[in-house]
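Note that the numbering runs from 1 along the sequence shown for the chain.
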Amino acid sequence: MVTETGSITIHNVAKMAGVSISTVSRVVNGLGRVAPETRRKVETAIRRLDFHPNSRAQALSRKRTDTIGLIVPDFEGQYFSMLMEGSHEEAQVNGVHIMVLKAKGSDAQIEAVRRLCSEGRTDGVILMLSELYDEVLEGVGDINGPLVILDRDVNLWRLDNVLLDNRLGAFEATKHFIDVHKITNVFFVGGSKSNLDTTARAQGFADALMSIKLNAEGKQFFGNSYSYDEGYRLAVEKIYPLIESQEHYGVVAANDDIACGIIDALMDKGIRVPEQVGVTGFDDSDIAMHRRPKITTMHIPTKEIGRLAVRMILNRLADRVSEPAKVILKARLIVRESCGCGKHNNRIPETRVSSRMNSPVFFIASVLFPCGLCCASLTAEDERLLEEISRASFQFFWNEANSVSGLVRDVTDKDICSVASLGFGLAALPIGVERGYVSYEAAKNRALNALRTLEKSNAHYKGIFCHFIDLANGNTTKSGYENSASTVDTALLMAGAIVAGEYFGGEVRLSAERIFARADWAAFVNPANGQVFMAWDMNGPGKFEKQTWDWYSDETLLISLLGQSSPNSEYRLRPETMTNWNRPVGKYKNGQPFIYTYPGTLFTYIFAHCFYDFRRTGVDSLGVDWYENTCRAVKANRDWCRDHSFEYASYGKNLWGITAGSGPNNEYLVLGHPPRGAKDNQGQYGTLHPYGAGMSVPFVPDDAIAALREMRNLKIDGRPIWQSCEDSGYGFWDGFNIDKHWISDQVIGIDQGSMLLMIENSRSGLIWKLMMQNNNVRQGLVRSGFKGIKAGN
């Protein structure tokens, strides 16, 4: 509460300005929650009255308590328990406490905010507004500390805000019946009309019907609460009388409890669920999984809402942000049985989201990440080392390519092309020219040969290439460990083709554009969840393999961006493919938090960065700074290796960068560390792959170069892990394990390529510049929601 000295008080100012005392307090405290015209009135009154707030009282009022208030309308129900749990978890990580109060109704909520803040009991308040209470926002302006509002758009009040896109969620649930089940007889059942969630979800339902030129009138029913009993009652009174025996229907319920009531009521009336009437819920509460049939529902990232709100408070207290932050999270459709998918209906195969998606989190890094460039200037000694590594790595792509087809081997000892390796090889060609390793004409011809081979290739499904293709002619082959059209390997191929096209121009660019334009990314979208399939099995009649890109990794990021960059609008991915995958947040020990991948292995944080300069893109549509995110992931990897040096001789202060690659006994390893989604590695710890540190140079240059220097001189039992070009080598062997006295005898294309490209980006930014100047790429970034990109420049 602002106090003042002298005869002029805050009451005098409020009276002259014609506003409330709380509005004057907001202006005086600089909380930025007042309309411009109102602010001017208050400031004018302050000047005319020569009003001076008591600075000592203001300072005392801002004394930290290390406590954040959370005000909710109810304690019962899984939604509120998960919200509180997420808030507590984030608070605990940051060394603060949560004080929870229950307050329902405008008067009770205003009083609760004042109790927590005006009495100095908390540093800030998180307030859940589930009803249409404008007076609450007008009545809480006199608090001394930040205020975050949940569940209501409060843009006009310039407050920090965390929202769920309820409208879009209900739209997608309704469209599931329309598009997947071909049902247009759809009803909506919600709670009270005064509830914000209900009104937003009802509007989303109406939007979906409007998209097929149907009216929602007479198809929306509202109860008094979000309860099983209300769902049961409305099903009996409103829906059952409308059901005809020969028709199929869908019901979109505003939450899972209502959905359960609807299902039981209809079944009690002899209606078959889901054979005749499908039902979807909202929330993805525990009951949705334990019912029969299991309930198809919209999953809400409830815990993350609590976490984000706490982060917003903490960033306000630390003066990290100045403008109001507004975060909108998406609900995600979890397809089970009650809608008609799954075992109860043979018309549509059962689809489930991967178990790795049980807790989707959308991390908003604009609140947490103050982006800064991690690169440093390189010394002459550093440049010599990086030049030696680059020259040797480039030779792999030049010497291990078929001189006629232009295609590049997957690995040194196999006569097969990996299109991912080829993508890195195409991007390597400009480096070779600029560094003087090969001539411009030779490199241009190599690129043109490779692209022309691909244009004639039959090793693709709808323009998405097979992971492995014949080295001589580019056609399908069964020599690889799989015969599948792979979205990620194609993405790496396309990125390399774009870079080569930008550099060489002419026929190289035209060929690259033709290959890119025929890739039908949209055909690889799983209609059940909107995620991109990993692969199409080319064997027999062909089918999509069940895995989708449902978790953040740089592979997911690369596919999403390139898919939205397609010059063919029919084949283009929709913008939501950039956001409908899991973004869990964690940290290693006391390091900074970051969005982590499922395997936690280093390359999964870097592959997209080989081509995209995320330092220049700005944050994405959810506020994530992907460059800073990878900086933090790289540091966590470095620190984990250092912490485990007493267990494994291959890890140490300058021996770090665990990732994927070859291992002892011809085993392919995928090594990661916490935080991650996976419980275990593919293979055992103890092996290190030099390209891990090599591709980390732009993020932690000093530490990465120190690691490369130590490995450049490392020997195991007298045998070096480096073989120079003069000795017919390509620099680093793929991996080594000191404890097992083992050094790989292979060089792998994607490992060499990611190291070569990232070293060049740290030296000149060449690959980043070429990629980012492509207009299709820039338009894709704009469509994806990146804030720092304009399509035309």
Side-chain angles (χ1 to χ4, degrees), residues 354-356 410-414 418 420 480-482 488 547 551 553-555 584 586-589 591 596-607 633-696 703-704 707-708 710-711 714-723 732-752 754-755:
S354 166
S355 61
R356 299 185 309 196
D410 172 44
V411 63
T412 45
D413 58 359
K414 290 186 173 70
S418 156
Y481 64 79
E482 62 178 2
V488 67
Q547 297 91 349
W551 194 290
S553 75
D554 255 42
E555 298 147 288
K587 62 182 182 179
Y588 176 67
K589 288 192 172 180
Y596 59 85
T597 67
Y598 185 75
T601 193
L602 188 54
F603 83 88
T604 60
Y605 295 100
I606 294 179
F607 268 12
V634 168
K635 292 173 184 176
N637 188 299
R638 175 200 64 193
D639 294 343
W640 186 95
C641 290
R642 289 174 175 176
D643 288 345
H644 290 78
S645 59
F646 66 96
E647 296 177 71
Y648 307 102
S650 298
Y651 306 156
K653 183 177 186 298
N654 291 324
L655 292 172
W656 58 270
I658 58 170
T659 185
S662 59
N665 303 316
N666 294 318
E667 181 183 16
Y668 190 80
L669 306 176
V670 180
L671 305 179
H673 63 85
R676 60 178 176 177
K679 293 182 180 180
D680 300 304
N681 294 316
Q682 179 178 307
Q684 300 297 314
Y685 285 127
T687 298
L688 193 63
H689 301 92
Y691 83 94
M695 62 184 176
S696 301
D703 288 333
L708 290 171
E710 180 153 333
M711 289 185 284
L714 181 66
K715 296 181 180 180
I716 300 177
D717 298 335
R719 181 189 171 195
I721 68 167
W722 169 276
Q723 187 169 352
F732 290 114
W733 291 107
D734 190 63
F736 63 91
N737 189 313
I738 296 174
D739 295 312
K740 294 185 178 296
H741 306 276
W742 174 85
I743 299 174
S744 176
D745 57 2
Q746 293 181 327
V747 177
I748 298 176
I750 59 174
D751 300 353
Q752 291 291 92
S754 55
M755 176 168 62

For Tyr651 and Ile658: C-alpha separation, side-chain torsions, deciding distance, then whether side chain to side chain contact (heavy atoms under 4.5 Å, CB included) applies. CA-CA 9 Å; Tyr651 306 156; Ile658 58 170; 3.5 Å; yes
Heavy-atom closest pair, residues [X] and [Y]:
X      : Y      : answer
Asp751 : Ala660 : OD2-O, 3.9 Å
Pro675 : Gly586 : CG-C, 3.8 Å
Gly672 : Tyr685 : O-OH, 2.5 Å
Gln746 : Lys414 : NE2-NZ, 3.9 Å
Leu688 : Ser650 : CD2-O, 3.4 Å
Ser662 : Leu669 : O-CD1, 4.2 Å

Would you say Gln684 has more than 12 foreign heavy atoms packed within less than 6.0 Å of its CD?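 Not more than 12 within 6.0 Å, no.
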Got a second to check how far [X]'s [atom1] is from [Y]'s [atom2], nearest 0.5 Å?
X      : Y      : atom1 : atom2 : value
Arg642 : Asn637 : CZ    : CG    : 10.5 Å
Thr687 : Asp739 : OG1   : CG    : 9.0 Å
Glu647 : Cys641 : CD    : SG    : 11.5 Å
Asp410 : Tyr481 : CG    : OH    : 7.5 Å
Trp656 : Lys635 : CH2   : NZ    : 10.5 Å
Asp703 : Asn654 : CG    : CG    : 7.5 Å

What I want to check is whether the side chains of Thr659 and Tyr691 have a donor and an acceptor closer together than 3.5 Å.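 Side chains of Thr659 and Tyr691: pair found under 3.5 Å.
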Mind telling me whether Trp551 and Tyr596 have parallel, tilted or perpendicular rings, with 30° and 60° as the class edges?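 Correct class here is tilted.
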According to the interplanar angle, ranging from 0 to 90°, do the rings of His644 and Phe646 count as parallel (below 30°), tilted (30 to 60°) or perpendicular (above 60°)?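 Answer is parallel, since the angle falls under 30°.
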Is there a side-chain contact between Phe736 and Leu655 (heavy atoms, below 4.5 Å)?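 Sidechains of Leu655 and Phe736: in contact.
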Could you tell me which residues satisfy side chain to side chain contact (heavy atoms under 4.5 Å, CB included) with Lys740, sequence neighbours excluded, listed by chain and number?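 In terms of side chain to side chain contact (heavy atoms under 4.5 Å, CB included), with neighbours along the sequence ignored, Lys740 is linked to Pro664, Asn737, Trp742.
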Side chain to side chain contact (heavy atoms under 4.5 Å, CB included) with Lys587: which residues, sequence neighbours excluded?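 Side chain to side chain contact (heavy atoms under 4.5 Å, CB included) list for Lys587, sorted by chain: Val93, Pro593.
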Side chain to side chain contact (heavy atoms under 4.5 Å, CB included) evaluation trace for Ile606 with Val634: CA-CA 9 Å; Ile606 294 179; Val634 168; 4.2 Å; yes
Tell me which pairs pass side chain to side chain donor-acceptor pair (under 3.5 Å) where either residue lies in residues 663-678, with sequence neighbours left out.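 Qualifying pairs, neighbours excluded: Arg676-Asn681.
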With sequence neighbours left out, write down each residue that passes side chain to side chain donor-acceptor pair (under 3.5 Å) with [X], or none if nothing qualifies.
X      : value
Thr597 : Thr604
Glu555 : Ser553
Asp745 : none

Okay, side chain of Ser744, backbone of Trp733: is any donor-acceptor separation there less than 3.5 Å?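 Here the side-chain-to-backbone pair does not exist.
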If only atom types and distance count, is the side chain of Tyr605 paired as donor or acceptor with the main-chain N or O of Asp554 below 3.5 Å?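 Such a contact is absent between Tyr605 side chain and Asp554 backbone.
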For Leu602 and His689, what are the C-alpha separation, side-chain angles and deciding distance, and is it a side chain to side chain contact (heavy atoms under 4.5 Å, CB included)? CA-CA 10 Å; Leu602 188 54; His689 301 92; over 6 Å; no
Could you go through the side chain to side chain contact (heavy atoms under 4.5 Å, CB included) check for Ile750 and Phe603 one step at a time? CA-CA 10 Å; Ile750 59 174; Phe603 83 88; over 6 Å; no
